[in-house]
Amino acid sequence: MCNLYSLRTGPADLRRAFGITEDRTGNLPLLPAIFPDQLAPVVLNGASGRDLVMMRWGMPGPKAFGEHPVTNVRNVASPHWRPWLGVAHRCLVPVTAFSEYADTKPRKTPVWFALDVDRPLFAFAGIWRPWTGVRGTKRENPDRVAEEHRLFSFLTTEANGVVGPVHPKAMPVLLTKPEEWATWLEAPTAEALRLQRPLPDLEMREVARGARSDEPEPQPAD
């Protein structure tokens, strides 16, 4: 289960890559470590094109299980998730690498995966919904009061041969091409869900181990 990813692409390049019409993220920094319940940028259909907005990672799960935040969604046939699979609630989650934890001793080891070592941009196939309740850290919400949030999660699928040796149960749905981004945002649900498949092994690789943050390599001094 992916509960850590990074975004090392700046806002200008995000706007260019995804064809953003309206950027509502403000002064967006590079994000080398994004954890559950944090705010992160997502792309969704807006009134006049694609919007880039900040949402919080983790949609509420089923009431029977306490509505605890769920970061990864695989069972798209579930009645709990089906209402959020339409065009109005699909989004793209920009990513440059994601981490799974290798089951090592004495503690698990973060293993980072990307399309290549230079961290080209791709996207998770995401869904989102509005929700009113208490979320965020004490610093973000000091009074711990219920507020209106926009929350996102992303789809997972079976692991491929690159991720499987580290995390055999699942991997995120990775969308790497503009035509896939358009299909996920605009196509009928049945067509969009055909994208819920593992990325071919040759299109990605393991790029780092050990760190809980995908920091850029230091640049040599001139």
Side-chain angles (χ1 to χ4, degrees), residues 1-11 13-26 28 31 34-61 69-76 78 80-98 115 120-133 135-136 147-157 170-197 199:
M1 179 185 296
C2 175
N3 279 321
L4 172 61
Y5 71 96
S6 66
L7 178 60
R8 290 179 9 186
T9 300
D13 288 332
L14 287 177
R15 291 192 292 268
R16 187 178 307 111
F18 290 110
I20 299 300
T21 302
E22 189 75 31
D23 183 353
R24 304 178 187 275
T25 60
L28 182 67
L31 299 169
I34 301 170
F35 291 95
D37 210 37
Q38 291 184 347
L39 290 167
V42 305
V43 178
L44 72 161
N45 293 314
S48 58
R50 293 179 183 175
D51 291 353
L52 185 67
V53 304
M54 300 298 285
M55 293 191 188
R56 195 172 297 279
W57 185 15
M59 290 172 64
V70 174
T71 56
N72 299 231
V73 174
R74 185 165 181 179
N75 182 13
V76 293
S78 164
H80 181 76
W81 300 115
R82 279 204 305 266
W84 314 112
L85 292 171
V87 169
H89 291 280
R90 284 187 230 136
C91 63
L92 299 169
V93 183
V95 189
T96 51
F98 68 94
L115 303 187
L121 181 67
F122 61 96
F124 294 145
I127 56 176
W128 73 277
R129 63 163 292 184
W131 182 80
T132 300
R135 291 290 295 272
E147 298 175 332
E148 179 76 19
H149 300 274
R150 290 200 286 183
L151 308 174
F152 76 92
S153 300
F154 51 77
L155 302 194
T156 60
T157 185
M171 66 176 288
V173 173
L174 278 55
L175 307 179
T176 63
K177 303 175 180 66
E179 55 266 31
E180 293 176 339
W181 301 341
T183 296
W184 183 250
L185 288 179
E186 301 164 12
T189 302
E191 180 181 348
L193 287 177
R194 295 192 192 109
L195 295 169
Q196 191 182 20
R197 76 289 182 263
L199 194 70

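The residues of the chain are indexed from 1 along the displayed sequence.
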Asks: Under a 4.5 Å cut-off applied to non-hydrogen side-chain atoms, are Leu115 and Leu199 in contact?
Replies: yes

Asks: With rounding to the nearest 0.5 angstrom, report the OG1 to CD1 distance, Thr96 to Ile34.
Replies: 8.0 Å

Asks: Between atom CZ of Arg150 and atom CZ of Arg135, what is the distance when rounded to the nearest 0.5 Å?
Replies: 14.5 Å

Asks: Going by the rule ring pair (Phe, Tyr, Trp, His ring centres under 6.0 Å), which residues pair with His149 if we only count those two or more places apart in sequence or in a different chain?
Replies: none

Asks: Taking the side chain as every heavy atom from C-beta outward, state whether Leu121 and Asp13 have any pair of such atoms under 4.5 Å apart.
Replies: no

Asks: Nearest heavy-atom pair of Pro41 and Leu31: which atoms, and what distance?
Replies: CD-CD1, 3.7 Å

Asks: Check whether any side-chain heavy atom of Thr156 lies under 4.5 Å from a side-chain heavy atom of Cys2, and answer yes or no.
Replies: no

Asks: Set out, in order, the CA-CA distance, both residues' side-chain angles and the distance that settles side-chain contact (heavy atoms from CB on, under 4.5 Å) for Val42 and Trp128, then state yes or no.
Replies: CA-CA 9 Å; Val42 305; Trp128 73 277; 6.0 Å; no

Asks: OG of Ser153 to CH2 of Trp84: how many Å apart, nearest 0.5 Å?
Replies: 11.5 Å

Asks: Can you check side-chain contact (heavy atoms from CB on, under 4.5 Å) on Leu4 and Phe98, steps first, answer last?
Replies: CA-CA 6 Å; Leu4 172 61; Phe98 68 94; over 6 Å; no

Asks: State, with a plain yes or no, whether a side-chain heavy atom of Gln196 is found less than 4.5 Å away from one of Thr157.
Replies: yes

Asks: For Glu22, give me all partners under salt bridge (Lys or Arg N to Asp or Glu O under 4.0 Å), at least two apart in sequence or on another chain.
Replies: none

Asks: Supply the atom-to-atom distance Trp81 CH2 to His89 NE2, rounded to the nearest 0.5 angstrom.
Replies: 13.0 Å

Asks: List the steps, then state whether side-chain contact (heavy atoms from CB on, under 4.5 Å) holds for Leu14 with Leu28.
Replies: CA-CA 10 Å; Leu14 287 177; Leu28 182 67; 3.9 Å; yes

Asks: Do you know the tightest heavy-atom contact between Asn3 and Pro36?
Replies: O-CD, 3.1 Å

Asks: Give every donor-acceptor pair under 3.5 Å between a side-chain atom in residues 51-60 and any protein atom, sequence neighbours left out.
Replies:
| residue | atom | partner | partner atom | Å |
| --- | --- | --- | --- | --- |
| Arg56 | NH1 | Asp37 | O | 2.6 |
| Arg56 | NH1 | Glu140 | OE1 | 3.0 |
| Trp57 | NE1 | Thr71 | O | 3.3 |

Asks: Indicate yes or no: at least one non-hydrogen side-chain atom of Phe124 is less than 4.5 angstrom from one of Leu174.
Replies: yes

Asks: Between Cys91 and Phe152, which heavy-atom pair has the shortest distance, and what is it?
Replies: SG-CB, 4.3 Å

Asks: Which distance, rounded to the nearest 0.5 Å, do you find between the CG of Leu195 and the CH2 of Trp181?
Replies: 13.0 Å

Asks: Out of curiosity, Thr183 OG1 to Lys177 NZ, how far, rounded to the nearest 0.5 Å?
Replies: 11.0 Å

Asks: Given side chains that start at C-beta, do those of Leu7 and Val93 come closer than 4.5 Å, heavy atoms only?
Replies: no

Asks: Does this structure show an ion pair linking Glu191 with Arg90, if we count only N-O contacts that are shorter than 4.0 Å?
Replies: no

Asks: What is the minimum heavy-atom distance between Asn72 and Val70, and which atoms define it?
Replies: O-CG1, 3.2 Å

Asks: Do Leu155 and Trp184 pass the side-chain contact (heavy atoms from CB on, under 4.5 Å) test, and can you show the C-alpha distance, the side-chain angles, and the key distance before you say yes or no?
Replies: CA-CA 11 Å; Leu155 302 194; Trp184 183 250; 3.5 Å; yes

